[in-house]
Amino acid sequence: MNRSKILLVGATLAAGITTPAALADQERFAMTHPTWNEECGSCHVAYPPQLLPAASWEALLGDLGNHFGSDASLDPATAAELLAYARMHASARTAAGEPTLRITRTRWFLHEHDEIGPATWQRPAIGSPANCAACHRGADSGDYSERRIKIPR
Ligand code: HEC
Ligand code: HEC
């Protein structure tokens, strides 16, 4: 192990002691809103609100009638409640320009999944990068940790 690696490990351990929750947040997300889990988890897995910035959730929840070719409309009160929840937990990462509507187009996502090739994404059991639960077996409960990943053949 070279010196810079040792320093890096030291820094990681120190960070782990002071902020274990912040580190764990990268792979496990608390899915605390039953209505979100139900309404936003009926067609695909309910995505963790932590994975998009507030501007993205505003755009998404403001236009549920035109939702990626589907009609995901909710009554205005429920949509407003879900937006408040999403805003409260939204990612602080922002990008210039139009807010992205897709977690799967964020730089973070592309980087985290850069070892997965196009042929893998297209396997019938996966179909789309948006199908998190195909590989993340704990996605329903917000658990994206490495030990719960199994890529279907
Ligand atoms: C009627 C079905 C339906 C419902 C209900 C629904 N969605 Fe979707 N959603 C879709 C479809 C279809 C896609 C596109 C999936 C794909 O590209 O594979 C999608 C994609 C998304 C994406 C982008 C995924 C990516 O590529 O990163 C987000 C974010 C999202 N939905 C959030 C929500 C939220 C929040 C709710 C609840 C308010 C919701 N959805 C409810 C059908 C639905
Ligand atoms: C084809 C399988 C596959 C799909 C589909 C997929 N992932 Fe992943 N995901 C992986 C793999 C493999 C890794 C990398 C694990 C590693 O190297 O630590 C990963 C890493 C992650 C991580 C980081 C976990 C960690 O240990 O730090 C998160 C968070 C994550 N994915 C979220 C998502 C979300 C959200 C979706 C859907 C929008 C998704 N993934 C779709 C396979 C997948």
Side-chain angles (χ1 to χ4, degrees), residues 8-9 12-13 15-16 19-95 97-153:
L8 194 67
V9 169
T12 307
L13 288 176
T19 58
L23 286 178
D25 276 354
Q26 301 302 306
E27 50 188 57
R28 300 194 67 152
F29 306 95
M31 304 294 291
T32 54
H33 201 300
T35 312
W36 177 279
N37 295 347
E38 196 176 310
E39 299 288 355
C40 303
S42 59
C43 298
H44 44 68
V45 71
Y47 301 117
Q50 290 86 346
L51 295 180
L52 284 176
S56 299
W57 293 124
E58 281 154 20
L60 269 163
L61 290 158
D63 196 15
L64 285 172
N66 297 299
H67 183 75
F68 304 94
S70 291
D71 182 355
S73 321
L74 293 170
D75 64 89
T78 306
E81 183 189 328
L82 294 184
L83 179 55
Y85 167 69
R87 274 196 186 121
M88 198 178 349
H89 297 281
S91 160
R93 288 190 201 95
T94 47
E98 289 278 296
T100 176
L101 302 184
R102 286 190 179 268
I103 296 163
T104 54
R105 298 267 167 82
T106 61
R107 276 174 56 188
W108 164 82
F109 184 94
L110 297 172
H111 172 74
E112 203 66 66
H113 296 86
D114 62 359
E115 282 165 25
I116 301 171
T120 305
W121 292 123
Q122 281 157 27
R123 285 180 191 160
I126 302 172
S128 155
N131 188 9
C132 321
C135 305
H136 293 278
R137 304 302 168 92
D140 269 339
S141 59
D143 183 353
Y144 289 83
S145 60
E146 218 176 325
R147 60 181 188 87
R148 299 294 306 276
I149 299 175
K150 192 159 183 278
I151 301 179
R153 295 274 122 210

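Read the numbers this way: they start at 1 and go in the same order the structure lists the ligands and their atoms. Numbering of residues begins at 1 and proceeds along the displayed sequence.
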Near atom 8 (Fe) of ligand 1, which protein N/O/S atoms fall under 2.8 Å?
His44 NE2, His67 NE2

Donor-acceptor under 3.5 Å (Tyr47 side chain, Ala130 main chain)
yes

Derivation and outcome, side-chain contact (heavy atoms from CB on, under 4.5 Å), residues Arg123 and Ile151:
CA-CA 10 Å; Arg123 285 180 191 160; Ile151 301 179; 3.7 Å; yes

So is Asp71 in contact with ligand 1, going by heavy-atom distances below 4.0 Å?
yes

Listed partners of Arg102 passing salt bridge (charged side-chain N to carboxylate O under 4.0 Å, His left out), at least two apart
none

Protein contact of atom 35 (C) of ligand 2 - nearest heavy atom, named by residue and atom, plus distance
Leu51 CD1, 3.4 Å

In chain order, what residues pass the salt bridge (charged side-chain N to carboxylate O under 4.0 Å, His left out) check against Asp140, with sequence neighbours excluded?
none

Would you call the rings of His113 and Trp121 parallel, tilted or perpendicular, taking 30° and 60° as the class edges?
tilted

I need the atoms of ligand 1 closer than 4.0 Å to a non-hydrogen atom of Ser42, numbered in the order shown.
5 (C)

For Arg105, is the CZ atom crowded, meaning more than 12 foreign heavy atoms sit under 6.0 Å from it?
no

With side-chain hydrogen bond (donor to acceptor under 3.5 Å, both in side chains) as the test, would you mind laying out the steps for Ser73 and Asp71 before giving the verdict?
CA-CA 6 Å; Ser73 321; Asp71 182 355; 2.2 Å; yes

What about Glu39: any of its N or O atoms under 3.5 Å from an N or O on ligand 1?
no

Distance, nearest 0.5 Å, that separates NE2 of His33 from CD of Glu81
4.0 Å

Using 2.8 Å as the cut-off, note every protein N, O or S atom close to atom 8 (Fe) of ligand 2.
His113 NE2, His136 NE2

Does Ile103, backbone or side chain, put an N or O under 3.5 Å from an N or O of ligand 1?
yes

Ser91 OG to Ile103 CD1 distance, which is reported to the nearest 0.5 Å:
10.5 Å

Any non-hydrogen side-chain atom of Leu51 less than 4.5 Å from a side-chain atom of Phe29?
yes

Rounded to the nearest 0.5 Å, how far does NE2 of His136 lie from CG of Asn131?
10.5 Å

Output yes when a side-chain donor or acceptor of Ser56 lies under 3.5 Å from a complementary backbone atom of Thr100, and no otherwise.
yes

Can you find a pair of side-chain heavy atoms, one from Pro48 and one from Met31, that are under 4.5 Å apart?
yes

Any Leu83 side-chain heavy atom under 4.5 Å of Glu58 side chain:
yes

Side chain of Trp36, backbone of Ala46: donor and acceptor closer than 3.5 Å?
no

Which of the atoms in ligand 2, numbered in the order shown and given with their element, are less than 4.0 Å from a heavy-atom of Trp108?
28 (C), 29 (C), 32 (C)

Of all the non-hydrogen atoms in the protein, which one sits nearest to atom 26 (O) of ligand 2, and at what distance?
Glu27 OE1, 3.3 Å

Ligand-side contact atoms (ligand 1) for residue partner Ala130, heavy atom cut-off under 4.0 Å:
16 (C), 18 (O), 24 (C), 25 (C), 26 (O)

For atom 17 (O) of ligand 2, closest protein heavy-atom neighbour:
Glu146 OE2, 4.3 Å

Distance under 4.0 Å to a non-hydrogen atom of Leu61: what atoms of ligand 1 satisfy this?
38 (C)

Using a 4.0 Å heavy-atom threshold (strictly under), name the region of Leu101 that reaches ligand 1: side chain, backbone, both or neither.
backbone

Does a side-chain heavy-atom distance below 4.5 Å link Leu52 with Leu60?
yes

Among all protein heavy atoms, pick out the one at the shortest distance from atom 25 (C) of ligand 1; state its residue, atom name and that distance to 0.1 Å.
Thr104 OG1, 3.3 Å

Ser128 versus ligand 1: do any nitrogen or oxygen atoms come within less than 3.5 Å of each other?
yes

For atom 42 (C) of ligand 2, closest protein heavy-atom neighbour:
Ile116 CD1, 3.5 Å

Give, for atom CG of Asn37 and atom OH of Tyr85, the distance between the pair rounded to the nearest 0.5 Å.
6.0 Å

Between Pro48 and ligand 2, which residue portion shows a heavy-atom distance shorter than 4.0 Å: side chain, backbone, both, or neither?
neither

Measuring from non-hydrogen atoms of Pro129 to any atom of ligand 2, is the shortest distance under 4.0 Å?
yes

